[in-house]
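A, B, ... follow the sequence lines: proteins, then strands. Residue 1 opens every chain. All values below come from the heavy atoms of this structure, side chains included, with hydrogens, waters and symmetry mates left out.
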Amino acid sequence: MILPLEFYQRDTKKVARELLGKILVHKLPNGKRLAGRIVETEAYLGVIDLAAHSYGGLRTERTSTMFMAGGHIYVYLIYGLHSCLNVVTQKMGVPEAVLIRAVEPTEGVDEMKKRRPKARKEIDLTSGPGKLCAAFGISRKHNALLLTDGEVFIEDAPPLKRSQIVASARIGVEYAEHAAEWPLRFSERANPYVSKPQPSDG
DNA sequence: TTCCCGATTTACT
DNA sequence: GTAAATCGGGAAA
């Protein structure tokens with residue numbers, strides 16, 4: 001079952017935690033499915049979050065996607081090189097989102113390997129936000145698509161036990177002063193597909 | 001128009 | 001461990 005929009009139009013931290021274990025799918029034009037189990041996410045709390053693109057309510061062409069209703073996807077280019085996939089949360093006008101940082105491949109591994117020629121080991125295919133976008137063939141072309149339109153979507157799966165979820169500080173946001181320490185990174189305990197650095201307990 | 005720098009990955013010392 | 005790659009967004013001018 002594809003997760004309904006209501007799943008996303010809720011508290012962002014809750015969505016970030018509950019996305020762990022769910023199945024991210026990209027259905028290619030030829031019908032082939034690329035899929036993976038989400039094992040790492042980060043919450044971005046919009047207006048109050050110095051690490052978020054939408055901090056302070058900043059609304060530009062790029063960030064306008066974050067202001068859309070929960071259930072849209074927000075894809076942006078980072079460092080001029082890599083795409084990052086987020087799912088927008090909350091109601092329209094509240095610019096919050098969850099960054100999908102890592103998945104564990106479940107379908108279409110051979111196809112992912114073709115798209116990630118530099119990955120030497122299977123563990124490197126999707127263990128990072130830029131890596132998984134490359135493996136799944138997701139780019140800014142997909143920005144602002146809806147997760148219920150059947151191209152890029154997320155399927156339901158049993159939730160993780162609370163003891164299997166680790167909360168830690170987010171990656172790459174050291175510049176964000178006090179917000180940098182907020183425990184908004186969520187990952188599955190001891191899953192090898194979680195990106196580096198591995199989270200310390202929190 | 002110019003300038004600075006980033007929600008990263010990879011190669012190399 | 002450190003640094004290069006690479007370019008568009010956002011702010012300043």
Side-chain angles (χ1 to χ4, degrees), chain A residues 8 12-13 15-17 19-20 24 36 38-68 70 72-90 94-105 112-144 152 154 166-187 192-200 202:
Chain A
Y8 305 101
T12 302
K13 291 192 290 275
V15 174
R17 275 193 300 265
L19 277 173
L20 294 176
L24 173 69
I38 297 171
V39 299
E40 181 182 356
T41 62
E42 281 179 1
Y44 283 84
L45 303 185
V47 176
I48 63 162
D49 184 355
L50 190 49
H53 294 160
S54 54
Y55 172 69
L58 180 71
R59 186 169 192 152
T60 63
E61 185 169 354
R62 177 176 67 153
T63 66
S64 64
T65 308
M66 290 187 75
F67 286 80
M68 292 179 175
H72 286 85
I73 70 176
Y74 171 45
V75 185
Y76 66 89
L77 189 68
I78 185 67
Y79 295 107
L81 295 168
H82 309 290
S83 299
C84 291
L85 170 66
N86 302 251
V87 304
V88 177
T89 58
Q90 297 282 18
V94 181
E96 305 189 3
V98 174
L99 171 66
I100 310 297
R101 286 194 59 88
V103 308
E104 174 181 339
M112 292 183 194
K113 285 179 178 168
K114 286 185 203 162
R115 293 161 189 268
R116 293 267 305 127
K118 290 180 180 167
R120 307 254 173 109
K121 297 175 291 192
E122 212 156 284
I123 228 78
D124 296 319
L125 281 178
T126 56
S127 55
K131 296 178 187 177
L132 80 87
C133 279
F136 275 65
I138 291 172
S139 71
R140 280 186 303 166
K141 294 196 300 283
H142 303 274
N143 182 52
V152 178
I154 298 176
V166 182
S168 55
R170 294 173 294 181
I171 302 299
V173 298
E174 294 75 15
Y175 61 89
E177 297 181 16
H178 148 249
E181 301 148 30
W182 294 350
L184 296 179
R185 180 192 188 200
F186 302 99
S187 57
Y193 288 89
V194 171
S195 72
K196 295 186 174 177
Q198 296 291 132
S200 55

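Dashed line: the shortest gap from a side-chain N or O of Thr60(A) to OP1 or OP2 of dG9(C) is not under 4.0 Å. Residue His53(A) has a polar side-chain atom (N or O) positioned under 4.0 Å from OP1 or OP2 of dA7(B). Distances shown here put every side-chain N or O of Arg101(A) at or beyond 4.0 Å from the OP1 or OP2 atom of dA7(B).
Geometrically, Arg170(A) engages Tyr44(A) in a cation-pi contact defined by less than 6.0 Å to the ring centre and at most 45° from the axis. Cation-pi check for Arg140(A) over Tyr76(A) is not met; the charged atom does not lie both under 6.0 angstrom from the ring centroid and within 45 degrees of its normal.
Interatomic distance, Cys84(A) SG to Asn86(A) CG, rounded to the nearest 0.5 Å: 7.0 Å. Between the CZ atom in Arg115(A) and the SG atom in Cys133(A) there is a gap of 12.0 Å [rounded to 0.5 Å]. Rounding to the nearest 0.5 Å gives a distance of 7.0 Å between CG of Leu58(A) and CZ of Phe67(A). Atom CD of residue Glu40(A) and atom CZ of residue Arg185(A) lie 4.0 Å apart, to the nearest 0.5 angstrom. Atom CG of Leu99(A) and atom CZ of Phe186(A) lie 12.5 Å apart (nearest 0.5 Å). Taken from CZ in Arg62(A) to CG in Leu77(A), the straight-line distance is 9.5 Å, to the nearest 0.5 Å.
Of the residues in residues 119-139 of chain A, none has a non-hydrogen atom less than 4.0 angstrom from any atom of DNA chain C.
Across all strands, Ile78(A) comes closer than 4.0 Å only to sugar-phosphate atoms, never to a base (heavy-atom distances). Contacts of Ser195(A) with the nucleic acid, taken as non-hydrogen atoms under 4.0 Å apart, are absent. Counting any heavy atom pair closer than 4.0 Å across all strands shown, Arg170(A) reaches no nucleic acid atom. Nucleic acid contact for Arg185(A): none, since no nucleic acid atom lies under 4.0 Å from a heavy atom of the residue.
Closest approach to the Arg140(A) side chain among dG6(B), dT8(B), dG9(C) is made by dG9(C) (side chain taken as heavy atoms from C-beta onward). Of the candidates dT10(B), dA7(B), dG9(C), dT10(B) carries the atom nearest the Arg116(A) side chain, counting heavy atoms from C-beta on. Out of dG9(C), dT10(B), dA7(B), the shortest distance to the side chain of Tyr76(A) is found at dA7(B). When the nucleotides dA7(B), dG10(C), dT8(B) are ranked by their closest atom to the side chain of Ile171(A), dT8(B) comes out on top.
Summarising the geometry, the separation between CG on Leu184(A) and C1' on dA7(B) is reported as 12 Å, rounded to the nearest angstrom.
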Contact list (N/O, under 3.5 angstrom) for nucleotides 2-7 of chain C vs protein:
unit_1: dT6(C); atom_1: O2; unit_2: Tyr79(A); atom_2: O; d: 2.6

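Between the side chains of Thr12(A) and Glu96(A), a donor-acceptor pair is found at a separation under 3.5 Å. A donor-acceptor pair shorter than 3.5 Å cannot be found between the side chains of Thr126(A) and Glu104(A). Side-chain atoms of His72(A) and Tyr8(A) form no donor-acceptor pair, as typed in the model, at a separation below 3.5 Å.
Looking at DNA chain B, the stems built from 3 or more consecutive Watson-Crick or G-U wobble pairs, each pair with its key distances under 3.5 Å, are B:1-6 with C:7-12, B:8-12 with C:1-5.
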